Amino acid sequence: MQNAIKNYEDVDSWKTIMFLYSAALKEVGTKLEILNDEFQHVHKYNPIEHIKTRVKSPESIVKKLRRYGYEISIENMVKYVNDIAGVRLICSFTSDIYRLAEMIGNQSDIKVLSIKDYIKNPKASGYKSYHMLVSVPIFLSDSVADTKVEIQIRTIAMDFWASLEHKIYYKFEGRAPEYISRDLRECAEMVSKLDDKMLSLNEAILKCLESQKKQGEVRTVQNLEGKQQAAGGLR
């Protein structure tokens, strides 16, 4: 992307960079939809409940650069702000998260730049999610620009907690009273237990269905053998 930056100035450069991020979201979104459709075709199961995409607003980009202590420039924006293009995948179960992360990492034209596993290592606030920073090639008319996209993968329960936590902290501008933070951490623990319980319940259901399937196959074989014996006796 650095090469693309040098070919444009001022407003044109800004528009071009934002075009690249929007294009990267389309590329990644299409890949994820195909993976989800393939999983449905092969396993009769959709690991992805929802896909949300967004390009960070100029105000948010400037605020983040200032918070990091960098000069406001397009070069610094591309280099230091990694979540300008963001994709959020919402799954049913925690097992889906790691399965999806593996499938994304196996894409030949997606390069995984970094991983932050906030599920195994939650933030102090209780926040849980799986973050992947990837780059995807955007093929232009005369060049190729590798563009960064942040992918967040979380369960429905994790997303519910994170959305409410963001709204609550936004009201306090990041300075919520300690008792609020404590209660949010307790809610995060409840969400974690709920995810664990739903995962174990789903696994139990799958085992039960598999057992019923095997029993049905056994009964079918026994019925066939019984009919064959009966036919032999009639002779």
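Model, not experiment: these values are computed from the prediction.
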Verify the ring-centre separation between Y68 and Y80: is it less than 6.0 angstrom?
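Not close enough - the centres of the two rings lie 6.0 Å or further apart.
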
Does [X], at its [atom1] atom, have more than 12 non-hydrogen atoms belonging to other residues, nucleotides or ligands within less than 6.0 Å?
X    : atom1 : value
K116 : NZ    : no
R54  : CZ    : yes
M103 : CE    : yes

Any donor-acceptor pair under 3.5 Å linking the side chain of [X] with the backbone of [Y]?
X    : Y    : result
D117 : K120 : yes
S200 : K197 : yes
T147 : A145 : yes
W161 : L184 : yes

Basic-acidic side-chain contact under 4.0 Å: [X], [Y]:
X    : Y    : answer
K31  : D109 : yes
K111 : D146 : no
R99  : D96  : yes

Should [X] and [Y] count as side-chain neighbours, where that means a heavy-atom distance under 4.5 Å?
X    : Y    : answer
R154 : L89  : no
M198 : N202 : no
N36  : P47  : yes
L140 : F19  : yes
V149 : L25  : yes
M77  : V62  : no

What's the separation between atom [atom1] in [X] and atom [atom2] in [Y], rounded to the nearest 0.5 Å?
X    : Y    : atom1 : atom2 : result
I90  : D159 : CD1   : CG    : 3.5 Å
L35  : N46  : CG    : CG    : 12.0 Å
E178 : I180 : CD    : CD1   : 10.0 Å
L201 : D196 : CG    : CG    : 12.5 Å
L113 : K148 : CG    : NZ    : 7.5 Å
S73  : K79  : OG    : NZ    : 10.0 Å

Is there a path of hydrophobic side-chain contacts, each under 4.5 Å between heavy atoms of I/L/V/M/F/W/Y residues, joining [Y] to [X]?
X    : Y    : answer
V78  : I72  : yes
I48  : I34  : no
F160 : I97  : no
V81  : V136 : yes
I51  : L100 : yes

If you apply the rule side-chain hydrogen bond (donor to acceptor under 3.5 Å, both in side chains), what do you find for E38 with Q40, and how did you get there?
CA-CA 5 Å; E38 182 208 6; Q40 171 65 31; over 6 Å; no

Taking all non-hydrogen atoms of both residues, which atom of [X] and which atom of [Y] are closest, and how far apart?
X    : Y    : answer
E71  : N76  : O-ND2, 2.8 Å
H131 : Y118 : ND1-CE1, 3.7 Å
V87  : T53  : CG2-CG2, 4.0 Å
A188 : G126 : CB-O, 3.5 Å
S92  : I156 : CA-CD1, 4.5 Å
C91  : I153 : SG-CG2, 3.7 Å

What I want to check is whether the side chains of [X] and [Y] have a donor and an acceptor closer together than 3.5 Å.
X    : Y    : value
Q152 : S129 : no
D195 : T155 : yes
S57  : S60  : yes
R185 : Y127 : no

Partner residues of Y98 under the ring pair (Phe, Tyr, Trp, His ring centres under 6.0 Å) criterion, sequence neighbours left out:
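Result, ring pair (Phe, Tyr, Trp, His ring centres under 6.0 Å) vs Y98: Y130.
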
